[in-house]
Trainee: 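Let me give you the structure first, and then I'll get to my questions.
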Amino acid sequence: MPRGEPFSAGQEEAIRAALRELLEWEVLCRSPQLAAFLSYIVEARLRGDEASIKAYSIAVDVFGREEDFDPQADPIVRVQARRLRSLLAEYYAIKGQARAVRIALPRGRYVPEFVFEADLPIEAALPSEVQAETMPPDLGRAQPPRKHRPLFETLLLVGGLGALFIGLSLILWPNITRHDVVVPSDGQPQVPLVIVEEFENLTNDTLGAPLVAGLAVELVTDLDQFPYIEARYGGTQADAAEAELASGRPVFVLSGVVRRTGGGVQYGALLSRTDVEAQPVSFDINAPAVGGQVTLSLDDISRHFVMRLASPRGVLHAPARRWLEEENGTEIVLAPYPCMVAFRQYQEVFDRALAIRIKACASAHAQSEAGAGEAGAMLASIAADEAFAVGIDLLGAQNLLAQAGRQSALAAELAPTSAFVWAQHAHVAAVTSDHLSARDRYNAALQLNPADVDVLAHFATVLAQTNNWALALERSDVALSADPDPPPRFHFVPALWALRNGEYDTALDHAHEMIRAYPRFGTAVMVAIGGQTRNSEIIDTYLPRLLAVESYRRLGIMPALRQVTGDPAVLLELSNGISQAGVPLDRLANPF
């Protein structure tokens, strides 16, 4: 029905019935945020309050964003609208189109449309209990308990959905794949291809289908969120095509087995390289079961696998990283894929020599329409790091940061659905000490790609800097456990948390790693630990380095440290420890 026209009593009743049916659908029941989103926009439309259906009001009222929410900086509503639009299409594909009214969410808008079927009387399509009601219930009031399907019916439905999803993917996959892979002509590394095979189900019981069906497609979807990986579905017997093998790119097959263990279900994955002889790599995830029900969803399982598989330090990118080491010192302008791999490697320890090479390739790729967003985001991120190295209190650095901010904002406009771009946009904000904007932008990046382990760790750092320690520790623990060789930046949160709580041995273990990525801040942490524990060896090693840091001399030690963390408890530990290491109070507070 066109927007702006009033609804008759029968039409409004049919719309509310359609909404209730959708909210009782198992898929939406598992996504309360999307269910709340749908209810919000439908109710607003029924009230005739279409003017309130805006990104801002949805973000604040439904997704709990703060009142200073900026729709341009945080794409949460756009992302969730895309998910909701997809689920609505899936629901009517499964349930059938012949319904009294269908709820649709047009592309580019948040105001729902209601499509009435003229050839089907409204009364015939309403549930019998709805027909018996004289007044439609207000969805704002308490509703009767939902009716739950018997377990057998639920299993059939979930298995059927998985089969349908897989079948559709086989037909539509060429149109879904989002990468336009450019094959370099100069022998540079190419984007790896991962062919995902159906996992073999060895659970051998009636709960088998929901534990496996759809997992392969979920893995392909999650892998394909990365701009430097291509994935495709391989069916029950994955096999690389001759053209794929002849392309010279790394070709991997991901297969797996699902079996029951004493405490739940074990998902075992095996990644094999098919284009050359190489030892397969295995990954295992144990999903606990409570009351016979597995506590992890297929989405959880897929995300945990992809965190390992898609890590910049993982096996998929090992050939490219080896090539970069061999070509170190050459003046070859890197193609988009090795440029991206080099950038992710640069972010581990902020290697300045590598930054020079990345700026050359990113500047070249920024001229192309396809890569302008990601290339611009790299340049902005490196510029922010260079400004921080100079000192963000200095005018030259502030000008550079302002330029980086404009460039990262432009990159987000050019590539609004790129999680990588939003992560760099967040990093620029974090360097400027705008930790609240950084938090929201990292959150946006994870909404777009929740399986990027590096973004998860960086998000944890910003959460710690805003004193949200519960979430910071949760995100940090996931990142550290997902990466077998976590880079130095991953140790920021556990180092500060241990220091904050006086757990100096643990803080020292993490600080030894963290200092490689944050040498100036890490030096202050080491001196503080040495002072708190009266460890003369640590003090003798790191105190001279601390007193030689230019930003500490220019601003005073504590004012400079406040640029990195605003947690009073952490700052108190740093101040007390550095003072006990022998640093005079005037040098803590004032320039020297």
Side-chain angles (χ1 to χ4, degrees), residues 27 82-83 86-87 89-90 93-94 157-181 190-203 208-247 249-258 267-275 280-283 285 296-311 314-317 337 417 419 448-452:
V27 176
R82 187 170 65 246
R83 292 182 61 201
S86 175
L87 285 182
E90 180 183 344
I94 295 168
L157 175 60
V158 176
L161 286 177
L164 175 64
F165 193 19
I166 293 168
L168 288 173
S169 70
L170 290 171
I171 299 171
L172 301 176
W173 207 259
N175 298 321
I176 295 174
T177 301
R178 61 182 196 86
H179 296 293
D180 296 322
V181 179
Q190 299 178 46
V191 173
L193 169 66
V194 183
I195 307 170
V196 184
E197 191 176 88
E198 282 293 330
F199 277 43
E200 188 173 355
N201 182 8
L202 298 182
T203 57
L211 300 176
V212 184
L215 178 57
V217 174
E218 193 75 38
L219 285 163
V220 171
T221 302
D222 285 346
L223 285 167
D224 210 36
Q225 296 303 313
F226 292 86
Y228 46 88
I229 295 173
E230 185 181 2
R232 72 168 176 83
Y233 177 70
T236 56
Q237 189 66 43
D239 195 13
E242 289 186 12
E244 292 169 338
L245 293 173
S247 67
R249 66 193 307 190
V251 180
F252 298 86
V253 171
L254 179 65
S255 58
V257 173
V258 183
Y267 291 78
L270 190 70
L271 186 71
S272 305
R273 187 164 175 181
T274 62
D275 56 321
V281 179
S282 60
F283 308 89
I285 293 175
L296 296 179
S297 67
L298 289 182
D299 182 60
D300 295 328
I301 298 297
S302 175
R303 185 169 63 253
H304 280 79
F305 273 133
V306 172
M307 279 185 183
R308 295 282 302 274
L309 289 167
S311 167
V315 65
L316 295 180
H317 304 299
Y337 168 58
T417 59
L448 292 164
N449 183 7
D452 192 322

Trainee: For a side-chain contact (heavy atoms from CB on, under 4.5 Å) check, start with the C-alpha distance between Leu316 and Tyr228, then their side-chain angles and the critical distance, and finish with the verdict.
Mentor: CA-CA 10 Å; Leu316 295 180; Tyr228 46 88; over 6 Å; no

Trainee: Going from CG on Asp239 to CD1 on Ile195, what distance comes out if it is rounded to the nearest 0.5 angstrom?
Mentor: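 If I round to the nearest 0.5 Å, the distance is 7.0 Å.
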
Trainee: Working to the nearest 0.5 Å, report the span between CD of Glu197 and CG of Leu254.
Mentor: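 Interatomic distance, Glu197 CD to Leu254 CG, rounded to 0.5 Å: 8.5 Å.
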
Trainee: How long is the straight-line distance from CG of Asn449 back to CG of Asp222, given to the nearest 0.5 Å?
Mentor: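 So the gap between those two atoms works out to 7.5 Å.
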
Trainee: Have Thr221 and Asp224 got a donor and an acceptor in their side chains that come within less than 3.5 Å?
Mentor: no

Trainee: Taking the side chain as every heavy atom from C-beta outward, state whether Asp299 and Glu218 have any atom pair closer than 4.5 Å.
Mentor: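 When only atoms from C-beta onward are counted, Glu218 and Asp299 do touch, with a gap below 4.5 Å.
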
Trainee: Of the non-hydrogen atoms in Leu309 and Phe283, which two are nearest, and what is the gap between them?
Mentor: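 Leu309 and Phe283 have their closest heavy atoms at CD2-CE1, 3.5 Å.
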
Trainee: How long is the straight-line distance from CD of Gln225 back to CZ of Arg303, given to the nearest 0.5 Å?
Mentor: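 If we round to the nearest 0.5 Å, Arg303:CZ and Gln225:CD are 12.5 Å apart.
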
Trainee: Any donor and acceptor pair, going by atom type alone, linking the side chain of Ser247 with main-chain N or O of Glu244 inside 3.5 Å?
Mentor: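 Yes: the side chain of Ser247 pairs with the backbone of Glu244.
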
Trainee: Locate the shortest heavy-atom distance separating Ala240 from Thr274; write the atom from each residue and the value.
Mentor: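 Closest approach of Ala240 to Thr274, heavy atoms only: CB-OG1, 4.2 Å.
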
Trainee: Could you give the distance from CD (Glu198) to CG (Leu215), rounded to the nearest 0.5 Å?
Mentor: 8.0 Å

Trainee: At what distance, to the nearest 0.5 angstrom, does CZ of Phe226 lie from OG of Ser311?
Mentor: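 Answer for the CZ-OG pair, Phe226 versus Ser311, is 8.5 Å.
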
Trainee: For a quick test of reading the model, state the closest non-hydrogen atom pair linking Ala310 to His317 and the distance between them.
Mentor: O-NE2, 3.9 Å

Trainee: Between Tyr267 and Leu296, does the side-chain contact (heavy atoms from CB on, under 4.5 Å) criterion hold? Intermediate values first, please.
Mentor: CA-CA 11 Å; Tyr267 291 78; Leu296 296 179; over 6 Å; no

Trainee: Quick one: closest heavy-atom pair of Gly268 and Phe199, and the distance?
Mentor: O-CE2, 3.8 Å

Trainee: If the test is side chain to side chain contact (heavy atoms under 4.5 Å, CB included), which one of Leu270, Val315, Leu271 qualifies with Pro280?
Mentor: Leu270

Trainee: Between Arg273 and Val281, is there a side-chain heavy-atom distance shorter than 4.5 Å?
Mentor: no

